[in-house]
Colleague: 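Dropping the structure in here first, questions after.
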Amino acid sequence: MKTQPLTGNFQEAGVDALAVTVFKDEKATGGVLKDLDKMTGGIVSSVFKNEEFKGEMGETALIRFAAKGKVKASLLLLIGVGDRADYKLPAVGNVAGTATRFLRKRNVKSFALLPRAEGDAIEIAQNAANGFVTSQFELDKYRTKDKNTKTVDNFVLCVEGVKEADLKTGLSRGVIIGESMNFTRDLANEPPNILHPTEFARRAQTIAKETGLKCDILDEAKMEKLGMGSLLSVSIGSEQPAKLIVLKYEPKKSTAKKGELIAFVGKGITFDTGGISLKPGEGMDAMKYDMSGGASVLGTMRAIGLLKPSVPVLGIVAAVENMPDGKASRPSDVVTAMNGKTIEILNTDAEGRLILADAVAYAEKQGATRIVDMATLTGAVIIALGDINTAVLGNDQELIDEIVACGREVGENYWQLPVGREYSKSIKSDIADIKNIGPARKAGTIIGAVFIQEFVDKAKWAHLDIAGTAWNDNEKPYQAKGPTAVAVRTLVRMVEKSQ
Ligand code: BES
Ligand code: ZN
Ligand code: MG
């Protein structure tokens, strides 16, 4: 896949098709739409006049015209983006993705996009390339027939009157982040017999080698030595040994304040049966995605390794399988976590928090001063926020605000839920320090967070519950259904802003 900048006239783009954004109720009486109308012999204005196309959000119209003169293209795709005021930078990515998927289906191999966006040229290009790359991911990796083999290979971005170097920079950044998101999506899409903890660790080693990250894989013996009784209580019922994946990015010259270290920690349950607190059979297959938090950590670290920001970043994935077995943990077992706290396990299906307890404590032991963990932690968050917002909770308002703000800039939605003493009280155990569930059905997402909070010492910490946002049940015009690589773009931005 190739991306190219074009700062001159769109007619110079030697491509098969042109795609242009159109605002609601626009006329073809001026600017680029007028040029396109002329190029198509008046078809654009007639399509508008006949109300075949009104520029509503998500609307598309394909116009075929006789190519003449310099213009090689004979197809023009109009893409509605709704009101001009609502057309923000992340929407450029959606437009690029929509055009890519639309044209790809029709066997088009190259096209030029006229995004007509206001703002920084690097940002416009970054969003566009990101949409171009992520829109071509498909779920059909294991099909032997009826596989999608069509691709758009060449993407030209036309923005007049800006520096070509800026477009180039943005495009290459967008490709890096987009390919990292596709890497995350491929992991989340992998069946659990293939992506078990050992394979998860191997994939981490591969990207570490490719991007120059340090990679350390802790096996169960090492975790035992470190006292990670909480994490190991989950893997004990599985034939698959747990792995703690530790990636580290070190800049050549750091601009971080002395001692400052950002850490991303992901839940990597490669399959969640619930353990002895077995889940119902119906829909259990969805639980292959229970490692999506870990997959987002790897994708984020891949992007960081390639973008090379000037601050160090730690990435940790607790890769574990949750199975029922003769050796599996029982409801009422008591285990001791790495920080010395004792946990009464009352439900073995609340396993995400058990593995994150030790992973988060380990991150802090490695020197992390800001920790963001992400996990498909609770079904409750799907009830609360659906697939639109990721829940964010934590012990530091500034960190939470930063995540929300970064999300807004890249087009990911976060919604804060509270934590607090009253909630924390409800996980006091009768016989141990804490228990891994709260009162039935009450504030499930918050209880998950305040449990993890027990394993954070002095670090600033935020928790993202991505159970609703990590997987898309429906295809979108710019995205296949399935894994979304949620949080990757947000966290990359957060790191870059910390420089
Ligand atoms: N992986 C699940 C969370 C989940 C459930 C995601 C349903 C998507 C759909 C997690 O490990 C889990 O089982 N959580 C329990 C916690 C409960 C036992 C306190 C849940 O949400 O039901
Ligand atoms: Zn789970
Ligand atoms: Mg579970």
Side-chain angles (χ1 to χ4, degrees), residues 188 192 195-197 200 230-231 233-238 240 242 265-296 317-325 328-333 343-359 373-391 393 417 423 426-427 429 434-452 454 463-473 482-484 486:
L195 195 94
H196 39 64
F200 210 158
S230 186
L231 186 154
S233 77
V234 180
S235 74
I236 195 167
S238 171
Q240 297 291 344
V265 180
K267 171 180 176 182
I269 294 286
T270 59
F271 194 72
D272 182 16
T273 63
I276 296 300
S277 312
L278 195 63
K279 284 184 183 295
E282 200 183 313
M284 198 199 276
D285 55 290
M287 286 302 127
K288 73 168 186 180
Y289 99 130
D290 213 17
M291 33 59 70
S292 295
S296 282
V317 179
V320 185
E321 188 181 55
N322 187 22
M323 296 289 263
D325 181 75
S329 293
R330 295 146 288 249
S332 76
D333 278 359
I343 303 163
E344 185 184 16
I345 301 171
L346 289 180
N347 189 322
T348 65
D349 196 12
E351 83 298 338
R353 61 201 73 180
L354 293 174
I355 66 169
L356 286 172
D358 283 329
D373 82 68
M374 60 214 90
T376 48
L377 205 75
T378 63
V381 81
I382 308 174
I383 308 289
L385 301 174
D387 56 8
I388 310 297
N389 276 278
T390 293
L393 310 91
L417 295 178
Y423 293 111
S426 70
I427 54 168
S429 158
I434 51 173
K435 54 186 180 185
N436 76 331
I437 55 171
R441 283 193 293 279
K442 282 190 183 164
T445 302
I446 296 171
I447 297 299
V450 298
F451 181 91
I452 298 167
E454 296 288 327
H463 161 70
L464 312 179
D465 195 332
I466 59 170
T469 49
W471 195 273
N472 235 328
D473 290 328
T484 59
V486 65

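Nothing here was measured: the structure is a model prediction, and the numbers come from that model. Just follow the structure's listing: the first ligand is 1, and inside any ligand the first atom is 1.
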Colleague: Can you tell me if an N/O/S atom from D349 lies under 2.8 Å from the Zn ion (ligand 2)?
Modeller: no
Colleague: Need the atom name: nearest N/O/S atom of D290 to the Zn ion (ligand 2).
Modeller: OD2
Colleague: Given S277, which of T348, N322, D349 fulfils the side chain to side chain donor-acceptor pair (under 3.5 Å) condition?
Modeller: T348
Colleague: The Zn ion (ligand 2) to G352: any N/O/S contact under 2.8 Å?
Modeller: no
Colleague: Angle at the Zn ion (ligand 2) between OD2 of D272 and OE2 of E351, to 10°?
Modeller: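 Value returned, to the nearest 10°, is 100°.
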Colleague: Using a threshold of 4.0 angstrom between heavy atoms of the protein and any atom of ligand 1, which residues qualify?
Modeller: K267, D272, K279, M287, Y289, D290, N347, D349, E351, R353, T376, L377, T378, G379, I382, I437, A467
Colleague: Checking Q240 against T270 for the side chain to side chain contact (heavy atoms under 4.5 Å, CB included) test, could you report, in this order, the C-alpha distance in whole Å, the side-chain angles of both residues, the deciding distance, and whether it holds?
Modeller: CA-CA 10 Å; Q240 297 291 344; T270 59; over 6 Å; no
Colleague: Could you tell me the separation between the CE atom of M374 and the NE2 atom of H463, rounded to the nearest 0.5 Å?
Modeller: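 Nearest 0.5 Å value for the CE-NE2 distance: 10.5 Å.
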Colleague: Using the side chain to side chain contact (heavy atoms under 4.5 Å, CB included) rule, take V317 and K267 through it: C-alpha gap first, then chi angles, then the decisive distance, then the call.
Modeller: CA-CA 6 Å; V317 179; K267 171 180 176 182; over 6 Å; no
Colleague: Looking only at the side chains, is there a donor atom on one of N472 and T484 sitting less than 3.5 Å from an acceptor on the other?
Modeller: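 Side-chain D/A pair, N472 to T484: absent.
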Colleague: Answer yes or no: is there a side-chain heavy-atom contact under 4.5 Å between I434 and E344?
Modeller: no
Colleague: With rounding to the nearest 0.5 Å, note down the distance linking CD1 in I236 to OG in S329.
Modeller: 6.0 Å
Colleague: Show your working on side chain to side chain contact (heavy atoms under 4.5 Å, CB included) between V486 and W471 and close with a plain yes or no.
Modeller: CA-CA 8 Å; V486 65; W471 195 273; over 6 Å; no
Colleague: How long is the gap from CD1 on I276 to CE on M323, to the nearest 0.5 Å?
Modeller: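 If I round to the nearest 0.5 Å, the distance is 11.0 Å.
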Colleague: Examine the side chains of T469 and T390 and answer whether a donor and an acceptor come within less than 3.5 Å of each other.
Modeller: yes
Colleague: Kindly compute the distance separating CG (L393) from CG (D465), expressed to the nearest 0.5 Å.
Modeller: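 CG of D465 is found 7.5 Å from CG of L393.
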Colleague: Let's test this: below 2.8 Å, count the protein N/O/S atoms around the Mg ion (ligand 3).
Modeller: 4
